[in-house]
S.K.: 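Got a structure for you, written out below as structure tokens; questions coming shortly.
All ligand and atom numbering here is 1-based and tracks the order in the structure.
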Amino acid sequence: MTISEKVALVTGGANGIGLACARQLHVAGWTVVVADRDEASGHELTKALPGSVFVSCDVSDGVQVDRAVAVAVDVGAGRLGGLVNNAGRTARTTFADLGESTWRSLQTVNLDSVYRFTRGCLPALTAASGAIVNIASVAGLVGEEGLAGYSATKGAIIALTRSLALELGGLRVNAVCPGQVNTRLMERVTSSPELLEAVVARIPAGRLGEPSEVASVVAWLLSDQASYVNGVALPVDGGETAGIKETALGTWPG
Ligand code: NAD
């Protein structure tokens, strides 16, 4: 089966990293189905990417997830070759202030959605010898101060990815771990020059990442070019998690 015959479902694909994934997969010849709750952006997407399909879906609602999966399976008609579990939210707060409703919401949107979409798509993906890419985060590889709840969901996604890679045999399951990427999620940082400078100082690349730089890795992982890549959690972070960068502390050289 060549890529041009395949269909990919991208959750949270109406904006940011998911939108960049939808665009790059479209360019690579995939038919893209996007499940997102942002209807305005979703309908824009179908105009920009002819042949793509938008499904209005709150990924925290099991019934809506089932409906989105049914649409993708229907559009795929035996060719659902890719699932990108990308939809996510964050909540920056101290652990002391992390109330249970926020904790639950992070789990439901970020983690339960991966469980539901993956289970729902599994028969179709297996039949098409497809692949799954889960969008985790560097905050799932290392801890992140002020993001304990978010970090817990992303760490769980990485663990789930590895377990599924072992269990699902013919289906490749990988995770991508973006660092600091210039999307709405990063508005708190990009709207403050001081904060932006402090964040960028931690990153060997010396800048934030662009959504397209994550999307190109996702598109590669879904493609046959990555046919022997399975069970990895790949940082796409400009080197941020490579180790301790002394210049960020203002102590080097000297
Ligand atoms: P974004 O806010 O630009 O886009 C997120 C998309 O998900 C939006 O289209 C939004 O409508 C959708 N979405 C959110 N909650 C939803 C819900 N309940 N139901 C349906 N759709 C929903 O954010 P982004 O930066 O593109 O984030 C995409 C993924 O990348 C997330 O999983 C995020 O955790 C991860 N990530 C982002 C960064 C970063 O720096 N931007 C870093 C690491 C990981």
S.K.: Under 4.5 Å between any side-chain heavy atoms of Ser41 and Asp36, yes or no?
M.R.: no

S.K.: For atom 25 (O) of ligand 1, what's the nearest protein heavy atom and its distance?
M.R.: Thr183 OG1, 2.5 Å

S.K.: Assess whether atom CZ of Arg23 is packed by more than 12 heavy atoms of other residues, nucleotides or ligands within 6.0 Å.
M.R.: no

S.K.: Under 3.5 Å, is there a donor-acceptor pair between the side chain of Ser105 and the main chain of Thr102?
M.R.: no

S.K.: Specify side chain, backbone, both or neither for Ala136, according to which of its non-hydrogen atoms lie closer than 4.0 Å to ligand 1.
M.R.: backbone

S.K.: Measuring from non-hydrogen atoms of Gly13 to any atom of ligand 1, is the shortest distance under 4.0 Å?
M.R.: no

S.K.: Are any of the N/O atoms in Asp38 less than 3.5 Å from those in ligand 1?
M.R.: no

S.K.: Check for me whether Gly179 has a heavy atom closer than 4.0 Å to any atom of ligand 1.
M.R.: yes

S.K.: Numbering the atoms of ligand 1 from 1, which are under 4.0 Å from a heavy atom of Gly88?
M.R.: 14 (C), 31 (C), 32 (O)

S.K.: Specify the closest pair of heavy atoms between Arg172 and Val229, including all atoms of both residues, with the distance to one decimal.
M.R.: NH1-O, 3.2 Å

S.K.: Polar-atom distance check: Val138 versus ligand 1, any N or O pair below 3.5 Å?
M.R.: no

S.K.: Quick test: of every protein heavy atom, which one is nearest to atom 19 (N) of ligand 1, and how far off is it to 0.1 Å?
M.R.: Val59 N, 2.9 Å

S.K.: Around atom 16 (C) of ligand 1, find the nearest protein heavy atom and jot down its residue, atom name and distance.
M.R.: Arg37 NE, 3.7 Å

S.K.: Please determine whether residues Tyr115 and Tyr150 belong to a single hydrophobic cluster, defined as Ile, Leu, Val, Met, Phe, Trp and Tyr linked transitively by side-chain heavy-atom distances below 4.5 Å.
M.R.: no

S.K.: What protein heavy atom sits nearest atom 18 (N) of ligand 1, and how far off is it?
M.R.: Asp58 OD1, 3.0 Å

S.K.: Heavy-atom contact under 4.0 Å between Gln180 and ligand 1?
M.R.: yes

S.K.: Test side chain to side chain donor-acceptor pair (under 3.5 Å) on Ser151 and Glu144 and set out the steps.
M.R.: CA-CA 7 Å; Ser151 180; Glu144 189 159 348; over 6 Å; no

S.K.: When you measure from the side chain of Thr161 to the backbone N and O of Gly231, does any donor-acceptor pair fall under 3.5 Å?
M.R.: no

S.K.: Any heavy-atom pair between the side chains of Gln180 and Ile203 that's under 4.5 Å?
M.R.: yes

S.K.: Report whether Leu164 and Ile157 are members of the same hydrophobic cluster (ILVMFWY, side-chain heavy atoms less than 4.5 Å apart, transitive linking).
M.R.: yes

S.K.: Which ligand 1 atoms does Gly16 reach within 4.0 Å, using its non-hydrogen atoms?
M.R.: 3 (O), 26 (O)

S.K.: Tell me, which protein residue and heavy-atom name are nearest atom 36 (N) of ligand 1, and how many Å apart are they?
M.R.: Tyr150 OH, 3.5 Å

S.K.: Numbering the atoms of ligand 1 from 1, which are under 4.0 Å from a heavy atom of Ile17?
M.R.: 26 (O), 30 (O), 37 (C)

S.K.: Please state which option from Gly140, Ser137, Cys57, Gly12 has its nearest heavy atom closest to atom 20 (C) of ligand 1.
M.R.: Cys57

S.K.: Which protein non-hydrogen atom lies closest to atom 12 (C) of ligand 1, naming both residue and atom, and how far is it?
M.R.: Asp36 OD2, 3.4 Å

S.K.: Would one find more than 12 heavy atoms of other residues, nucleotides or ligands at under 6.0 Å from atom CZ of Arg119?
M.R.: no

S.K.: With no hydrogens and no angle check, just 3.5 Å: does a side-chain donor-acceptor pair link Thr118 and Asn85?
M.R.: yes

S.K.: Determine, considering heavy atoms only, which of Val176, Thr153, Val181, Asp237 sits nearest to atom 40 (O) of ligand 1.
M.R.: Val181

S.K.: Closest non-hydrogen protein atom to atom 43 (C) of ligand 1, residue and atom name please, with distance?
M.R.: Pro178 O, 3.3 Å

S.K.: Which of the atoms of ligand 1 are close to Ile135, meaning less than 4.0 Å from one of its heavy atoms?
M.R.: 29 (C), 30 (O), 35 (C)

S.K.: For Ile135, does its backbone N or O pair with a side-chain atom of Lys154 as donor and acceptor, under 3.5 Å?
M.R.: yes

S.K.: Salt bridge (charged side-chain N to carboxylate O under 4.0 Å, His left out), that's the test. Do Glu44 and Lys47 meet it? Break it down for me.
M.R.: CA-CA 5 Å; Glu44 281 302 309; Lys47 283 185 221 153; 3.2 Å; yes

S.K.: What residue and atom, counting heavy atoms only, is the protein's closest point to atom 28 (C) of ligand 1, and at what distance?
M.R.: Asn86 OD1, 3.2 Å

S.K.: Judged on heavy-atom distance to atom 2 (O) of ligand 1, which of Arg184, Gln64, Lys154 sits nearest?
M.R.: Arg184

